[in-house]
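Here is the structure we will look at, set down as structure tokens.
Sequence lines set the chain letters: A, B, ... in the order given, protein chains first and strands last, and positions in each chain run from 1.
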There are 2 protein chains.
Amino acid sequence: MTENLTLQMDDYLPLRDVVFNTLREAILKGELKPGERLMEMHLANKLGVSRTPIREAIRMLEQEGLAVTIPRKGAQVAKMTEKDLQDVLEVRDALDALAVVCACNRMSDAQFVELKEAMKGFEDATKTDDVRRIVEADEAFHDVIYAAAANPKLENIINSAREQMYRYRYEYVKNPSVYQQLIAEHKSIIEGFDRRDVEFLKDIMHTHLSNQINAVREVIREQK
Amino acid sequence: MTENLTLQMDDYLPLRDVVFNTLREAILKGELKPGERLMEMHLANKLGVSRTPIREAIRMLEQEGLAVTIPRKGAQVAKMTEKDLQDVLEVRDALDALAVVCACNRMSDAQFVELKEAMKGFEDATKTDDVRRIVEADEAFHDVIYAAAANPKLENIINSAREQMYRYRYEYVKNPSVYQQLIAEHKSIIEGFDRRDVEFLKDIMHTHLSNQINAVREVIREQK
DNA sequence: TCTTTGCATTTTGTATTCAATCTGCTTTTA
DNA sequence: TAAAAGCAGATTGAATACAAAATGCAAAGA
């Protein structure tokens, strides 16, 4: 349920954007669960704004694939079927392959240093029990690669694909037995960039992604 | 059972969606040009609705990448730089490759027939001077392939990428000298599906797409 | 018992209103 | 003259008001 949704007022950011970010975060963190209704009045009261910015935020969530609205019935947090997840992963697989190829050709020395630091940050994070921190460290690692690909359109599209599955991924990351494997894969990725070995990189990224699918599949199955 | 449940479904489509479709079409057809301001009052008067559905439609266009809004200054039709176009094409190249691989594995016999018919439809269209019809026939041909890929998420993402460049593509298609080449390429694609030759298909799709880039690049250059 | 109907309530769709901000122009002032 | 200040109109941001549709439930009818 929607117990403690609060707005953080970044001054001068239109309310619709503040609301959008708030709802987006809530959906990704699982505070708003798939299938949960997004009732305008309810959200407006909760967030202390009128319905107008709520409605605009919902339109944005809709286009991002995080919400679905049925005309005259209202919006709800998007549910994903197993098929949907498979579809998204298929797309991410292709896009990650592209990203890694681009990044391999375009990564600067500074960015390579950044990547190694992000790798270290992830390793440190796994030593804590803070799942949120671990997830964020993993995202940060991949963000460096996407940034190095120097293709903002690609980055956008990958992010939207990532978003759609992240709320199902928490469960996967909660299991500490996978940390060592993740660390090893990240290390391989760094090695691949060091050698500028595109084929190796595409391969390891594919493995890296595939490992998540079964875990996430479990979560989705439980959803029923 | 009652028979005509869907009498005038358009009456049931919320105005925001009608406005969204209208503006989207106008942008893709070039009636609203890149950089042109989208003023709420102006559009509201023009379309005979209030500002509310206009604002919601603009939020949707924004997420689709067709409009850009600066807070407190308003929205405008998104401009694309040469770099943006290159970036989108890079992404489409990867996604089309994926689509063609999926389609190759999953295409039904009925869909293959459909593809051949779409091919014929395109060939016929090129015999007219109706650029709009030619463009639509080309899109229809590719739609069959995307549908055969049986991955709605992929289809969505490809469509959004296509949209972003279509308004720059009209100029390319206006030049009749490219028709024969397009027809030949479409024939090759059909041949590839017939042989189920994935590598050949990926290659021809890449060529098919690359041919567009220089023409579109010209158009963008003129935009300045 | 199982529909059907009517009605009150909730919720969404759209318009309108009011407030804040931006823009361009004119006036002031150093 | 050039920069700053001030002001009016235009435009966006957000709240409120009103209309239309969906929902749930209880009573009526078969």
TODO: Assign a letter to each nucleotide of nucleotides 6-15 of chain D from its 5' end: B, base within under 4.0 Å of a protein heavy atom; S, sugar-phosphate only; -, no contact.
DONE: -----SBBBB
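- Between dA20(D) and Tyr12(B), no contact under 4.0 Å exists linking OP1 or OP2 to a side-chain N or O.
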- [ ] Please lay out, stage by stage, how Asn151(B) and Tyr146(B) fare under the test side chain to side chain donor-acceptor pair (under 3.5 Å).
- [x] CA-CA 8 Å; Asn151(B) 182 333; Tyr146(B) 299 140; over 6 Å; no
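- For the side chain to side chain contact (heavy atoms under 4.5 Å, CB included) test with Val91(A), the passing option among Val88(A), Leu89(A), Asp93(A), Leu95(A) is Leu95(A); the others fail.
- The aromatic rings of Phe122(B) and His186(B) are tilted relative to each other, their planes meeting at an angle between 30° and 60°.
- Around atom NE2 of His208(B), more than 12 heavy atoms belonging to other residues, nucleotides or ligands sit under 6.0 Å away.
- Between Ser108(A) and Glu114(A) there is no side-chain heavy-atom pair separated by less than 4.5 Å.
- Taking atom CG of Asn45(A) as the reference point, atom C1' of dT10(C) lies 13 Å away to the nearest angstrom.
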